[in-house]
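Worksheet for the structure shown next.
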Amino acid sequence: MRYTVYLEVQEDGATMAHVPALPGCISSGVTREVAIARAPDAIAAYHAWLRKHGEPTVAENEPIEIEIGGVIDDPDTHLGDEAGLLPSDQVALTEAEAARLMRLMAYSRRDLMEMVGGMSREVMHWQPQNEPSADGWCIDDILEHLARAEHVYTSRLSSNVFELLDESRRAALERMSRLSDQDMSQVTEHQGEYWTARKVFRRFLEHEREHYQHIQHVLKAFESNQGLSTE
């Protein structure tokens, strides 16, 4: 079977190959050639994953062919973080497709939780050394990154900043309204930063008031630029 692959390439040549026909299937390498060479194995592993979860897929020995659909330049420091919009991304979803993608998300999360559930604190916080590809992140850091990224991804469904403000504030208020006694007093560490419930409240207010003043400055600059009264 022939698969169209899109390459996301950084300035140093590091490449991630995306396989749109198999959502979530990627391969990567220090060069385009390495990423492309690894793509067939990634595709075969993806089909094995589908079989594991009872999803329809191709025969296990189905031949795999690769064709390059396009190349995306990625100036970001982390492959995949800001991948461009692929042609396939622009095709409207059907309800059946959305339901299948929801199932795939459920399988992926189940696999993740089966792997990390019950891990000791020692394992969760162990930091690999001399592994640049891992950025020195411990497993706890990786899981936190996943959680934060999902908030970002869902926020991209709306281009209306007022909707985004409303959604984010509702989510924040819902979480802060159910603080436990432990939440009220504990200090938590997140990727080298230390937080308490009091600090979260402080940062909510500081950050919004800071940017309230920021907007005021922008408005004054606009009025001055347009020759309008600033009074």
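- Counting only heavy atoms from C-beta outward, the side chains of W137 and H145 approach each other to under 4.5 Å.
- Between D166 and F162, the closest side-chain pair of non-hydrogen atoms is not below 4.5 Å.
- In this structure, the ring of H18 has its center no less than 6.0 angstrom from the ring center of Y6.
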Verify side-chain contact (heavy atoms from CB on, under 4.5 Å) between E163 and V161, making sure each step is shown before the conclusion. CA-CA 5 Å; E163 288 182 0; V161 293; over 6 Å; no

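- Salt-bridge check for E208 with R203: failed, with every basic side-chain N at 4.0 Å or more from each acidic carboxylate O.
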Walk me through whether E65 and Y3 qualify under side-chain contact (heavy atoms from CB on, under 4.5 Å). CA-CA 6 Å; E65 298 179 9; Y3 296 88; over 6 Å; no

Evaluate salt bridge (Lys or Arg N to Asp or Glu O under 4.0 Å) for E55 paired with R51, printing each intermediate quantity in order. CA-CA 6 Å; E55 288 288 322; R51 288 187 207 99; over 6 Å; no

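- A salt bridge between R100 and E97 is absent, with no side-chain N of the basic residue lying under 4.0 Å from a carboxylate O of the acidic one.
- Salt-bridge check for E144 with R148: passed, with a basic side-chain N closer than 4.0 Å to an acidic carboxylate O.
- Contact check on K52 versus D111 returns a salt bridge, with a Lys/Arg side-chain nitrogen under 4.0 Å from an Asp/Glu carboxylate oxygen.
- Around atom CZ of R198, no more than 12 heavy atoms belonging to other residues, nucleotides or ligands sit under 6.0 Å away.
- Heavy-atom contacts from other residues, nucleotides or ligands closer than 6.0 Å to CZ of R2 number more than 12.
- Under the 3.5 Å distance criterion, the side-chain polar atoms of R38 are left unmatched by any main-chain donor or acceptor of S27.
- Counting only distance, with no hydrogens or angles, the side chain of Q10 and the backbone of G13 share no donor-acceptor pair below 3.5 Å.
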Report the C-alpha separation of D41 and I64 in whole Å, then their side-chain angles, then the decisive distance to 0.1 Å, and conclude whether the side-chain contact (heavy atoms from CB on, under 4.5 Å) test is met. CA-CA 9 Å; D41 285 343; I64 296 172; over 6 Å; no

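- Heavy-atom contacts from other residues, nucleotides or ligands closer than 6.0 Å to CD of E60 number 12 or fewer.
- Around the CD atom of E95, the shell of radius 6.0 Å holds no more than 12 heavy atoms that belong to other residues, nucleotides or ligands.
- Counting only distance, with no hydrogens or angles, the side chain of S155 and the backbone of V152 share a donor-acceptor pair below 3.5 Å.
- One hydrophobic cluster, built from ILVMFWY side chains closer than 4.5 Å, holds both I68 and V9.
- For S108 (side chain) and L104 (main-chain N/O), no donor-acceptor pair under 3.5 Å exists by modelled atom type.
- Side chains of L112 and L146 form a contact here, defined as non-hydrogen atoms less than 4.5 Å apart.
- Annotation: side chain of F204 is in contact with side chain of M176 (closest heavy-atom distance under 4.5 Å).
- M124 CE: more than 12 foreign heavy atoms inside a 6.0 Å radius.
- Salt bridge annotation for E8-R32: absent, with no cationic side-chain nitrogen under 4.0 angstrom from a carboxylate oxygen.
- Here the closest heavy-atom approach between residue G29 and residue V34 is recorded as CA-CG1, 3.7 Å.
- The shortest distance between side-chain heavy atoms of V19 and I26 does not fall below 4.5 Å.
- In D181, the CG atom is not crowded: 12 or fewer heavy atoms of neighbouring residues, nucleotides or ligands sit closer than 6.0 Å.
- Between H47 and L22 there is a side-chain heavy-atom pair separated by less than 4.5 Å.
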Walk me through whether E62 and I43 qualify under side-chain contact (heavy atoms from CB on, under 4.5 Å). CA-CA 11 Å; E62 179 82 19; I43 291 169; over 6 Å; no

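- Salt bridge E114/R110: absent, no basic N to carboxylate O contact under 4.0 Å.
- Looking only at side-chain heavy atoms (C-beta outward), Q216 and L219 stay at 4.5 Å or farther from each other.
- Side chain of K199 to main chain of Y194: a donor-acceptor pair is present (N/O by atom type, distance under 3.5 Å, no hydrogens or angles).
- Taking the six-membered ring where tryptophan is involved, the planes of W49 and Y107 are perpendicular, since the angle between them exceeds 60° and thus also 30°.
- Contact of the K220 side chain with the F222 side chain is not registered, since no non-hydrogen atoms from C-beta on lie closer than 4.5 Å.
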